[in-house]
Amino acid sequence: MTTTKPAPTRVDDREADDPEGWQFNSSLVLTMLLLLVVMLEGPIRRALSAPVMQSWTTVFVAVFVQALPFLVLGVLLSAIIAVFVPPSFFARALPRQPALAVPISGMAGAVLPGCECASVPVAGALVRRGVTPAAAFAFLLSAPAINPIVLTATAVAFPGNPEMVLARFVASLLVACAMGWLWQRLGRTDWLRLPDHPSFDSLTKGAAFWGSVRHDVMHAGGFLVVGAMAAATLKVVVPAGWLHAAANNPVVSVLALAILAVLLSICSEADAFVAASLSQFSLTARLAFLVVGPMIDLKLFAMQAATFGRGFALRFAPATFTVAVLISALVGAVLL
């Protein structure tokens with residue numbers, strides 16, 4: 001009778017199964033950062049007491065505290081829309097003619113709160129449920145730009161310029177409709193990869209709601225912090241002469257803030273407060289910042305590529321940027 005000895009356990013397998021082994025996760029990173037802050041308490045305290053840092057901290061806190069309530073409210077409402085309103089509702093509500101469905105779906109963004117992080121998967125669900133892509137893309141662009149939360153935040157951020165609210169609404173809606181009609185005219189189905197089923201389908205409504213809230217808060221909150229830090233840095237670090245030189249040239253100022261909106265990737269519920277802090281620039285340039293940001297930035301490009309395919313994003317993003325800049329300049333010249 002022969003016996004078979006079990007194969008010796010490899011070191012790699014044993015270490016992988018060992019719960020006591022080192023795991024590089026967020027908790028470990030946070031602990032290391034806290035220890036580093038404690039060790040460098042003296043230098044950090046001296047650095048924060050400098051006049052430049054005090055000014056930086058004041059601007060950062062002001063932007064963050066003003067924007068945070070709108071961010072939280074927008075995340076909660078977008079989660080309600082994404083979880084409790086079935087995508088089939090939009091398919092039934094829209095007309096069958098794509099040319100008419102585009103402006104109607106664009107206007108739907110005015111009554112359905114949601115940030116740009118939520119609009120991409122919602123647009124994907126609309127396409128998957130049979131909504132024409134032109135209408136879905138109009139909703140994708142308009143929802144984070146002209147919903148009630150964003151327009152209210154814009155009014156609060158620009159109390160002395162109420163025309164900014166109207167200009168943002170008009171310019172954003174025009175861009176959304178123009179891109180929808182442009183896709184209907186020139187878009188090709190082989191550029192578009194239909195999205196997968198959303199990951200919250202297998203969960204209960206409550207679990208899906210809180211999962212959506214946690215996701216949006218983590219992502220949008222992080223980008224809000226980055227945007228507030230960038231606004232504070234522009235205020236206190238960049239030489240005033242540079243900013244005034246860019247701000248004094250109408251063409252350069254519009255392009256500069258449009259590019260800045262792409263790079264900062266700020267949540268649309270908070271971008272108005274960052275734009276208001278860039279007081280060196282004209283209202284038209286800041287309008288371009290507010291119109292471009294919710295429609296195309298770094299995070300949105302990545303989300304659009306993951307949802308609809310890289311071929312789509314490489315064509316849709318540059319076209320959206322160009323149309324948004326041109327329409328912002330035109331609307332700003334008329335209304336601001």
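As the structure is a prediction and not an experimental result, all values here were calculated from the model. What's counted below: heavy atoms across the whole structure, side chains too, no hydrogens, waters or symmetry copies.
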Closest non-hydrogen atoms of Phe158 and Ala272, given as atom of the first, atom of the second and distance, are CE1-O, 3.7 Å

When you check the gap from the basic side-chain N to the acidic O, do Arg168 and Asp271 get nearer than 4.0 Å?
yes

Are Val102 and Met179 in one and the same hydrophobic cluster, where Ile, Leu, Val, Met, Phe, Trp and Tyr link if side-chain heavy atoms are under 4.5 Å apart?
no

To the nearest 0.5 Å, atom CG of Leu290 lies from atom CZ of Phe169 at 15.0 Å

* If only atom types and distance count, is the side chain of Asn161 paired as donor or acceptor with the main-chain N or O of Glu163 below 3.5 Å? -> no

*Would a hydrophobic clustering, with Ile, Leu, Val, Met, Phe, Trp and Tyr connected at side-chain separations under 4.5 Å, put Phe289 with Leu166?*
yes

According to the interplanar angle, ranging from 0 to 90°, do the rings of Phe316 and Phe137 count as parallel (below 30°), tilted (30 to 60°) or perpendicular (above 60°)?
-> tilted

- Item | Val131 and Phe139, any side-chain heavy atoms less than 4.5 Å apart | no

All heavy atoms of Ser105 vs all of Ser142, minimum pair found to be O-OG, 3.9 Å

| Are Asn248 and Phe281 close enough that some pair of their side-chain heavy atoms sits under 4.5 Å apart? | no

Taken to the nearest 0.5 Å, the spacing of Leu287 CG from Thr154 OG1 works out to 10.0 Å

Is the shortest side-chain heavy-atom distance between Met295 and Ser172 below 4.5 Å? yes

Identify each donor-acceptor pair in which a side-chain atom of residues 321-335 lies under 3.5 Å from a protein atom, sequence neighbours left out, and give them as a table.
| from | atom 1 | to | atom 2 | distance (Å) |
| --- | --- | --- | --- | --- |
| Thr322 | OG1 | Pro318 | O | 3.0 |
| Ser328 | OG | Ala324 | O | 2.6 |

### Message
Working note: Met32 + Leu35, criterion side-chain contact (heavy atoms from CB on, under 4.5 Å); need CA distance, chi angles, decisive distance, verdict.
### Response
CA-CA 5 Å; Met32 294 173 63; Leu35 289 175; 5.7 Å; no

Group every Ile, Leu, Val, Met, Phe, Trp and Tyr by side-chain heavy-atom contacts under 4.5 Å, then state whether Val252 and Val291 land in the same group.
no

Indicate yes or no for a side-chain donor-acceptor contact from Ser268 to the backbone of Pro144 under 3.5 Å, with no hydrogens or angles considered. yes

* Under 4.5 Å between side-chain heavy atoms, hopping through other hydrophobics if needed: is there a path connecting Val170 to Leu141? -> yes

Of Ile259, Leu255, Leu260, Val254, the one forming a side-chain contact (heavy atoms from CB on, under 4.5 Å) with Leu257 is Leu260

ask   = Quick one: do Ile146 and Trp181 end up in the same hydrophobic cluster if we chain Ile, Leu, Val, Met, Phe, Trp and Tyr together by side-chain heavy atoms under 4.5 Å apart?
value = no

Look at the side chain of Ser282 and the backbone N and O of Ala285, then say whether any donor-acceptor pair between them is shorter than 3.5 Å. yes

